[in-house]
Amino acid sequence: MDKLNYVPDIWAFNIYLNLLCREKMIDLALEDFHSIVKKGRDPDVVTYAIMIDGVCKVGRFNSAVGLWKEMVGKGLSPDNKACCALVVGLCEVGKVDLAYELVVEVIKGGNVEFSTLIYNALISGFCRISRIDKAQAIKLFMTKNGCEPDLVTYNVLLNYFCNELMLQEADKLFKKMERSGIRPDVYSYNQMIKGLCNTNKPDKAYLLMVNKMEADGLVDAVSYNTVIKAFCKDVILERLTSCLRIWVGRGLHQMW
DNA sequence: CTAGGGTTAG
């Protein structure tokens, strides 16, 4: 095309840039991206989404933020996919605050319909930095905006509650999920098992696994590993305490 | 319906 002096239209450019990004040839992609303007074509939202996704995938988050600001600065309105590229990319490395700060206006603007993906990425990001308040607020917001929480939304929150040993909350959420017509999957159950094991109830975890999960065909290596590890820990703890009891009972600790 | 993407566990 260059030889023939044709200037590719924006569609051709985007397909080409996407290919370069997929091949991780980011520097070349950026170079050609900048030449778009020189050749008289204006990058559009798709171009920016491709580039933002591409730079995030190679860990260049500052470039992603720069591209985003450039896009907004040009008066382009980011759509669902552009937002996803930035949010998913930034949340993956724990920069959820920055991601939220950048897209919050777009989300609250109400002009764009968002997929659950973007909400889930934000909820997961906030859970990871223990901002459950923020995560819950986003869950409420998505429902209000006509985007129902899905299996992943629930699993992300279950993961949080189980990690924080808030089992009653986890239980409540689990039931709520079932009431909403969402069938828990292996992830959901494995989170519950983890919660039970970490609150010293490996027997309950075992029963859940054998009775409920096996029956539904929802059991995998993670389930068994979690329960086995908990049982092992219990046995070790039991023996350790009995050793210590004898040790103290004989007054041996006073010799230290 | 000419292009861009995928979030959660041991």
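By convention in this document, chain letters (A, B, ...) are assigned in the order of the sequence lines, proteins followed by strands, and residues within each chain are numbered from 1.
- Comment: A/Arg131 engages A/Asp133 in a salt bridge, judged by a side-chain N to carboxylate O separation of less than 4.0 angstrom.
- Separating the CE atom of A/Met51 from the P atom of B/dA3 is a distance of 19 Å, rounded to the nearest angstrom.
- Ring-plane geometry between A/Phe114 and A/Tyr119 is classed as perpendicular, the angle between the planes exceeding 60 degrees on a 0 to 90 degree scale with a lower cut at 30.
- Comparing atom distances between the A/Leu117 side chain and each of B/dA9, B/dG10, B/dG6 picks out B/dG6 as nearest.
- Within the 4.0 angstrom heavy-atom criterion, no nucleotide atom of any strand lies near A/Val87.
- Side-chain proximity of A/Tyr187 to the nucleotides B/dG4, B/dA9, B/dA3 is greatest for B/dA9.
- Put simply, the side chain of A/Asp220 gets close to the backbone of A/Ser223: a donor and an acceptor are under 3.5 Å apart.
- Contacts of A/Asp44 with the nucleic acid, taken as non-hydrogen atoms under 4.0 Å apart, include base atoms.
- The distance between atom OH of A/Tyr119 and atom P of B/dT7, rounded to the nearest whole Å, is 18 Å.
- Residue-level contact check: A/Ile50 touches the backbone only, with heavy atoms under 4.0 Å from sugar-phosphate atoms and none from bases.
- As a whole-Å value, the separation of A/Arg183 CZ from B/dT8 P is 23 Å.
- Nucleic acid contact for A/Asn14: base, since at least one base atom lies under 4.0 Å from a heavy atom of the residue.
- Taking side-chain N and O atoms only, A/Asn159 has no distance below 4.0 Å to OP1 or OP2 of B/dT8.
- Between B/dG10, B/dG6, B/dA9, one nucleotide has an atom nearer to the side chain of A/Gln191 than all others, and that is B/dA9.
- Under the 3.5 Å distance criterion, with hydrogens and angles disregarded, a donor-acceptor pair is assigned to the side chains of A/Tyr48 and A/Lys74.
- In this structure, A/Ser115 reaches the bases: a heavy-atom distance under 4.0 Å links it to at least one base atom across the strands shown.
- Between A/Asp53 atom CG and B/dT7 atom C1' there is a gap of 13 Å when expressed in whole angstrom units.
- Looking at heavy-atom distances under 4.0 Å, A/Ala85 makes no contact with the nucleic acid at all.
- The nearest whole Å value for the distance from the CZ atom in A/Phe174 to the C1' atom in B/dA9 is 13 Å.
- Between the C1' atom of B/dT7 and the CD1 atom of A/Ile138 lies a distance of 13 Å, rounded to the nearest Å.
- Across all strands shown, A/Ala82 has heavy atoms under 4.0 Å from base atoms, whether or not it also approaches the sugar-phosphate.
- Closest to the side chain of A/Cys84, out of B/dA9, B/dT7, B/dG5, is B/dG5.
- Applying the 4.0 Å criterion to OP1 and OP2 of B/dG10, one finds that A/Lys229 has every side-chain N and O outside that range.
- Nucleotide B/dT8 holds its P atom 15 Å from the CZ atom of A/Phe126, rounded to whole Å.
- Using a 4.0 Å cut-off between charged nitrogen and carboxylate oxygen, A/Asp27 and A/Arg60 count as a salt-bridge pair.
- Across B/dT2, B/dG10, B/dG4, the shortest atom-to-atom separation from the side chain of A/Ala49 is found for B/dG4.
- Among the atoms of the strands shown, only primed sugar atoms or phosphate atoms (P, OP1, OP2) are found under 4.0 Å from some heavy atom of A/Arg128.
- Contact between the side-chain N/O atoms of A/Asn18 and the OP1/OP2 oxygens of B/dG4 is found at a separation under 4.0 Å.
- A donor and an acceptor atom sit less than 3.5 Å apart, one in the side chain of A/Asp79 and one in the base of B/dG4.
- A/Val46 comes within contact range of at least one nucleobase, with a heavy-atom separation under 4.0 Å.
- Not one N or O on the side chain of A/Asp53 forms a donor-acceptor pair closer than 3.5 Å with the backbone of A/Ala85.
- A/Lys194 has no side-chain polar atom (N or O) that falls below the 4.0 Å cut-off from OP1 or OP2 of B/dT8.
- Defined by atom type and a distance below 3.5 Å, a donor-acceptor pair is present between the side-chain atoms of A/Asn159 and A/Asn163.
- Note: CG (A/Leu19) to P (B/dG4) measures 11 Å, nearest angstrom.
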